[in-house]
Protein chains: 2
Amino acid sequence: MVRMTPPKPSLEMLRTLTDENVLRSLMAHPRLTRAEISARTGISKPTISDSVQRLTRAGLVVDTGERTTGRGRVGSYYSLAPQLGAALVAAITPRGVVAEAVDALGHVHGQVRTALEASAGPRVAAEALDAAAGQLAGRIPGRLRLAVVSAADPVDRGTGRLVHLPDAPFLVGDLDPSAVLAPTVSGPVLVDNDVNWAARAEHRAGCAGGVDDFVYLHLGEGLGCAVVSDGVVRRGHRGLVGEIAHLCTAGPDGKAMAFTEVFAVLGLRRPASTAIDVPALVELLARRDEQAERVRAVLVRAIGGVLSAAVSLADPRMVVIGGEWGLCPGLITAVDEHFSRTPRPVPLTAAVLSSPELTGARSRAVEELRSLIVRTAHPAPQA
Amino acid sequence: MVRMTPPKPSLEMLRTLTDENVLRSLMAHPRLTRAEISARTGISKPTISDSVQRLTRAGLVVDTGERTTGRGRVGSYYSLAPQLGAALVAAITPRGVVAEAVDALGHVHGQVRTALEASAGPRVAAEALDAAAGQLAGRIPGRLRLAVVSAADPVDRGTGRLVHLPDAPFLVGDLDPSAVLAPTVSGPVLVDNDVNWAARAEHRAGCAGGVDDFVYLHLGEGLGCAVVSDGVVRRGHRGLVGEIAHLCTAGPDGKAMAFTEVFAVLGLRRPASTAIDVPALVELLARRDEQAERVRAVLVRAIGGVLSAAVSLADPRMVVIGGEWGLCPGLITAVDEHFSRTPRPVPLTAAVLSSPELTGARSRAVEELRSLIVRTAHPAPQA
DNA sequence: CACTTTTAGGCAAGAGTCCTTACTAGAATG
DNA sequence: CATTCTAGTAAGGACTCTTGCCTAAAAGTG
């Protein structure tokens with residue numbers, strides 16, 4: 001939707017914009033002289049000098065004490081004030097918690113890894129997250145001003161809580177990252193599921209670089225996908241876009257059934273769980289006997305049905321496949337071969353990044369921290 | 001994606017913003033005095049006077065000659081110059097072409113309807129469109145500065161051409177609205193399919209008013225849907241989002257098959273065509289005998305499969321159903337009853353607007369025309 | 001070593017935009 | 001006829017950005 005009422009023009013607005021230009025320059029480059037900022041932004045030197053003076057007085061920018069070397073008059077280097085703080089980045093899976101702190105320059109200030117027992121519940125995960133946040137808070141100059149969390153479960157877009165969907169695995173369990181981090185993190189806590197973060201990372205740098213419309217299919221313990229449309233991961237009303245367990249597809253004997261049902265029928269679920277038995281599945285996909293071939297054919301067709309839905313409802317330029325068993329050798333080519341014979345084929349690729357969810361969450365954290373700093377520099381002039 | 005480099009601040013930018021405020025005010029209200037514009041925008045009277053003077057000199061705004069009545073000094077009314085032109089709005093179906101001209105105030109300046117033979121090809125449609133545009137161009141003060149076209153076929157997002165998808169009906173046929181309108185319309189031609197326009201109209205004013213995430217399912221001669229996510233119709237890479245003919249769903253005997261196949265198996269297609277035989281289907285849905293019930297059950301389940309895909313990949317807050325046979329009495333309640341027993345039910349509603357595709361295209365045309373006027377008032381200061 | 005070149009930064013002047021305040025013109029109200 | 005109300009104008013001030021010129025200091029050059 002296009003903004004209907006343009007902003008009211010004012011001189012204050014110009015000043016704010018100048019300051020934003022200066023701050024953004026210093027976010028892209030660790031240290032700059034005023035002349036460099038001027039050259040980089042195209043804004044005149046006196047104006048930049050004014051702005052730097054303002055921002056220095058406000059405590060957002062500091063003279064690093066360093067001086068230019070080389071020809072010409074010595075110049076002073078300025079940089080963002082260290083007390084501007086950092087953002088917490090955390091990834092939570094049933095296997096453990098990984099947490100980092102990143103500053104507005106994108107530098108990582110420390111990483112804490114906590115392994116969890118397979119049977120550990122959400123309580124233990126919450127404690128690990130809390131502890132990690134506490135440790136990281138001590139290692140950075142300023143405060144933790146916001147957090148970006150990746151979770152290996154569906155996330156409610158409104159509340160940020162992990163949600164348990166019927167007949168879908170609940171790997172981490174009932175957890176509210178916002179509540180856990182409230183004492184340690186002073187600002188907003190953004191939570192999304194790992195598949196969405198992975199898709200953002202792949203969009204930025206991976207095989208899908210430059211492609212603004214694609215679907216990322218994650219085939220692991222859980223079944224999920226991310227829909228990137230017009231360059232943004234779409235989350236839908238509740239944030240449950242990509243929860244494809246109940247998507248109607250083709251099962252054994254060409255019967256229509258929910259995607260997750262296919263695995264139940266094939267006996268590929270963990271006992272007393274709706275999670276997929278990944279080791280068994282990987283082992284089976286490695287085999288070449290007749291039974292394995294039959295199962296493989298069923299899986300390929302089931303995945304084809306899911307892709308037909310993705311093509312119909314998201315029209316991706318490509319489909320990226322990732323996940324523990326999605327990357328099994330031969331699977332992608334088999335799916336590709338099947339899918340390329342359907343009426344609307346789309347190229348398939350394998351995911352390339354190693355811990356994509358952390359990468360995706362991290363870059364979002366940097367983005368949010370930067371915009372938070374810019375916003376707080378000039379308290380919002382809202383109506 | 002967030003803008004990375006904020007705009008360069010300049011005094012010219014302020015002036016541009018003031019002018020934009022004035023223009024937008026005059027787009028929302030047919031005539032205003034300078035004092036009224038000032039009150040409405042919150043910008044001071046002298047500044048508004050300056051801007052109005054500039055815009056009048058530039059020919060964008062005119063003194064209407066009317067004067068205020070009532071207490072106090074008489075004021076002069078200003079309005080947008082009539083020569084600012086209008087936008088063409090056209091809807092093309094196999095049954096005919098409807099075209100209108102709308103100005104920046106949103107007023108419709110004339111409507112031309114041309115009926116087409118059922119067997120008329122794209123040539124005839126193109127001629128009808130061209131003729132309608134020619135007539136409308138004569139009826140308005142200025143030029144036709146852009147066009148917004150709705151077509152009853154899939155539209156390629158990149159080229160704006162109608163495209164024929166395998167095993168899907170091609171109702172209008174091979175047509176390139178941009179090429180047809182190039183002689184008559186001086187600016188851009190936006191083309192999208194009727195279902196997407198209808199969804200935009202429903203989003204704005206209809207049953208889905210205020211809901212930013214929903215899916216609009218169109219059940220007519222063709223099978224289509226629109227995905228509205230974060231308040232915007234998503235089109236995907238090629239613009240083929242919602243082309244659900246090949247979506248894998250449940251057919252008779254619970255067999256997995258493409259949505260369109262279900263109708264083939266049920267014998268509900270027009271002879272030698274992939275289009276659905278709507279009259280036959282409507283007649284059948286009205287019956288109550290055993291065969292009708294059986295077909296109805298199959299259809300309900302097939303639609304349920306499509307909805308499961310929509311829920312998985314779009315997470316709508318609601319599903320709106322429209323189309324010639326989608327609105328048949330009882331169908332929606334039957335689908336609703338079936339769907340509410342699935343693991344992830346979503347409320348269903350019937351579409352409410354009468355010619356939604358035209359309404360949707362019209363409001364977009366007004367929006368685009370307005371932004372075109374604002375942009376041309378101050379030639380883009382791009383790099 | 002003296003001189004030129006190069007560069008960061010400061011200062012002053014000027015143009016432009018917006019705002020506030022005060023004022024004028026003209027019409028309705030009582 | 002005085003009062004009241006309103007649209008528009010004029011003057012002055014505050015503020016921002018830019019241009020152009022200047023200084024200081026380091027590095028190269030002969």
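Each chain gets a letter, A, B and so on, in the order the sequences are listed, and its residues count up from 1.
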Between Arg145(A) and Ile373(A), does the side-chain contact (heavy atoms from CB on, under 4.5 Å) criterion hold? Intermediate values first, please. CA-CA 9 Å; Arg145(A) 297 183 66 177; Ile373(A) 288 172; 3.8 Å; yes
Can any side-chain N or O of Ser229(A) pair as donor or acceptor with the backbone N or O of Asp213(A) at less than 3.5 Å? no
For Gln111(A) and Val98(A), what are the C-alpha separation, side-chain angles and deciding distance, and is it a side-chain contact (heavy atoms from CB on, under 4.5 Å)? CA-CA 7 Å; Gln111(A) 196 181 62; Val98(A) 185; 3.7 Å; yes
Please pick, from dG8(D), dT16(D), dT18(D), the nucleotide with the shortest atom-to-atom distance to any side-chain atom of Leu11(A). dT16(D)
Can you measure Arg15(B) atom CZ to dC17(D) atom P for me and round it to whole angstrom units? 16 Å
Residue closer to the 5' end of DNA chain C, Ala35(A) versus Pro9(A) (nearest nucleotide): Ala35(A)
Want to settle it: does Lys8(A) or Thr33(A) sit nearer the 5' end of DNA chain C, counting the closest nucleotide to each? Thr33(A)
Reading 5' to 3' through nucleotides 23-30 of chain D, protein heavy-atom contacts under 4.0 Å coded B for base, S for sugar-phosphate only, - for none: BBBBSS--
State whether Ser76(B) places a side-chain N or O below 4.0 Å from either non-bridging phosphate oxygen (OP1 or OP2) of dA7(D). no
Along DNA chain C, first and last positions that approach a heavy atom of chain A under 4.0 Å: dT5(C) to dC19(C)
Quick one: pull up OG1 in Thr18(A) and CD1 in Ile37(A) and give me the separation to the nearest 0.5 Å. 12.0 Å
Classify Thr18(A) by what it touches in the nucleic acid, base, sugar-phosphate, or nothing, heavy-atom distance under 4.0 Å. sugar-phosphate
Enter the distance from Thr64(B):OG1 to Tyr78(B):OH here, rounded to the nearest 0.5 Å. 9.0 Å
Looking at DNA chain D, which of residues 38-64 of chain B put a heavy atom within less than 4.0 Å of it? Lys45(B), Pro46(B), Ser49(B)
Nearest-0.5 Å distance that lies between atom NE2 in His29(B) and atom OG in Ser25(B): 8.0 Å
Going from NZ on Lys8(A) to OG1 on Thr47(B), what distance comes out if it is rounded to the nearest 0.5 angstrom? 9.5 Å
Under a 4.0 Å N-O cut-off, is there an ion pair linking Glu20(B) with Arg24(B)? yes
Checking Arg34(B), Arg67(B), Glu66(B) against Tyr77(B) for side-chain contact (heavy atoms from CB on, under 4.5 Å), the one that qualifies is Glu66(B)
Do NZ/NE/NH1/NH2 and the carboxylate oxygens of Arg364(A) and Asp192(A) come within less than 4.0 Å? no
Taking all non-hydrogen atoms of both residues, which atom of Pro141(A) and which atom of Pro82(A) are closest, and how far apart? CB-O, 3.7 Å
